[in-house]
Amino acid sequence: MNNILPAILTTGVIIENGGTDAPNSVSACVASGVLSPRRASLFAALCNFAGAVVSGLFFPAVARTLSELSGLPAGEENLPALTGAMLAVLLWTGAAWLFSVPTSESHGLMAALGGAAMYFGHGGGFGRWAAMIATAGISVGAGWLGGRLAERLFRRKTLSEKALGRAQLAFAGASAVLHGAQDGQKFMCIFALCSGGRLSWQAVLWCGGVLALGTALCGKRMLSLAGSLGVSSRAEGLAADAGGTAVLLGATVLGIPVSTTHVKTAAQAGAGQGGRKNALFSLVLAWILTFPVCALLGYFLVPVAEFMLNIA
């Protein structure tokens, strides 16, 4: 019965992820005028659900990698660590939202799991932490590079505006599917760790459904801010979506847990002609802060989690 509390907290983080992270997969479509915020949020929700369920049932490579990186054993003994990690992610992402820092639940989750594992003497190896930080760096660096390369490819306007819009929509849909595969599997990993390492089809459907619900209900608000991004045309939007999708696809196939938020935002900064330096500065700042803050929160919130589990 004690696994109910971490499951509830994980569900809360999934909803938060669906409302704040998931819209980034289609935000370039809104910035370039291909989709309205409402249609984009519903489109992203459908694609997120499909990506999470299909990948979770047939190719859960990201979930396995995150489980290994966390250093936590599967079973009830890790419930205090998982509960503390979820509390840490909720606190960090809530604070980041208040101060408009483009943080990533994915990076926060990885760091918080590592910090909570260290409380019990697990997950403290340099190699494991280096791998976790390296995957976070991939999100920013590869996303920006992908956007820059795609922008050069599409610089010469050989397609009509209508054709550019259709192509961008296709890449944005693929990006949203891959977001569901990436972030959906990260939360499936938590449910699997709570239940002895077994990933059930019920957990896969639950994670996919809750992620899509969060996107459909809360994504419109985040997408309404898409005009502040560096993308200002359909050609730039197509470059950002193509570059970001390529990075997400490669990472997902290889089982590397990257941040969709940072991949897509960095790709938009790389492809766009405006606001590039400010966007990259915010990304790097969030990347630098997330790991130490969430690791410390995960570590020190374990006693709080133990208390909550004892009274639950």
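The two atoms that bring G180 and L211 nearest to each other are CA-CD2, 3.9 Å, heavy atoms only. Shown here for A88 and A112, the closest heavy-atom pair between the two residues is CB-CB, 3.9 Å. Minimum interatomic distance between A45 and T215 (heavy atoms only, all atoms of both residues): N-CG2, 3.7 Å. Contact record, L90 with G12: CD2-C, 4.2 Å, taken as the closest heavy-atom pair. In terms of heavy-atom proximity, V26 sits nearest to A176 at CG1-CB, 4.3 Å. Looking at every heavy atom in both residues, V30 comes nearest to P37 through CG1-CG, 4.0 Å.
Checked by atom type and distance alone, the side chain of E16 never pairs as donor or acceptor with a backbone atom of T93 at under 3.5 Å. A donor-acceptor pair is defined here as one N or O able to donate and one able to accept, closer than 3.5 Å; no such pair exists between the side chain of Q185 and the backbone of R64. Under a 3.5 Å cut-off, the side chain of T252 and the backbone N or O of L248 do form a donor-acceptor pair. A donor-acceptor pair is defined here as one N or O able to donate and one able to accept, closer than 3.5 Å; no such pair exists between the side chain of S67 and the backbone of C189. Listed for the N48 side chain is a donor-acceptor partner under 3.5 Å among the backbone atoms of A44. Listed for the K186 side chain is no donor-acceptor partner under 3.5 Å among the backbone atoms of A181. The backbone N or O of A242 sits nowhere less than 3.5 Å from a side-chain atom of T245 that would complete a donor-acceptor pair.
Within the 4.5 Å cutoff, no side-chain heavy atoms of L193 are placed close to those of R198. Side-chain contact between L66 and M110 is present, with heavy atoms from C-beta onward closer than 4.5 Å. For the pair Y119 and P80, the minimum side-chain heavy-atom distance is 4.5 Å or more.
Taken together through direct or relayed side-chain contacts under 4.5 Å among Ile, Leu, Val, Met, Phe, Trp and Tyr, F43 and V53 form parts of separate hydrophobic clusters. Cluster membership check: M86 shares its hydrophobic cluster with V304, using side-chain heavy-atom separations under 4.5 Å among Ile, Leu, Val, Met, Phe, Trp and Tyr. Residues M308 and L79 share a hydrophobic cluster, clusters being chains of Ile/Leu/Val/Met/Phe/Trp/Tyr side chains in contact below 4.5 Å. No continuous path of hydrophobic side-chain contacts links V13 to F49 [ILVMFWY only; heavy atoms under 4.5 Å]. In this structure, F187 is a member of the same hydrophobic cluster as L91, with clusters built from ILVMFWY side-chain heavy atoms closer than 4.5 Å.
Here CD1 of I190 is found 9.0 Å from CD1 of I14. Values are rounded to the nearest 0.5 Å. To the nearest 0.5 angstrom, S259 atom OG is 8.0 Å from H179 atom NE2. Summarising the geometry, atom CG belonging to N78 is positioned 6.5 Å from atom SG belonging to C194; distances are rounded to the nearest 0.5 Å. Considering CG of L35 and OG of S41, their distance stands at 9.5 Å, rounded to 0.5 Å. To the nearest 0.5 angstrom, L169 atom CG is 10.0 Å from R166 atom CZ. From S36, atom OG reaches atom CZ of R38 across 8.5 Å, with rounding to the nearest 0.5 Å.
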*Take T83 and E306 through the test side chain to side chain contact (heavy atoms under 4.5 Å, CB included) and record every step on the way to the result.*
CA-CA 8 Å; T83 304; E306 290 179 319; over 6 Å; no
_What verdict does the side chain to side chain contact (heavy atoms under 4.5 Å, CB included) test give for D241 and C29, after you've listed the backbone C-alpha separation in whole Å, the side-chain angles of each residue and the deciding distance to 0.1 Å?_
CA-CA 8 Å; D241 283 328; C29 280; 4.0 Å; yes
*Could you go through the side chain to side chain contact (heavy atoms under 4.5 Å, CB included) check for F191 and W206 one step at a time?*
CA-CA 10 Å; F191 282 99; W206 179 258; 3.8 Å; yes
*Does the pair L113 and L82 meet the rule for a side chain to side chain contact (heavy atoms under 4.5 Å, CB included), with working shown?*
CA-CA 7 Å; L113 285 173; L82 293 175; 3.7 Å; yes
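Between F291 and H107, the angle of the ring planes lies from 30° to 60°, which puts this pair in the tilted group.
Checking T260 against Q182 by side-chain atom types alone, no donor-acceptor pair falls below 3.5 Å.
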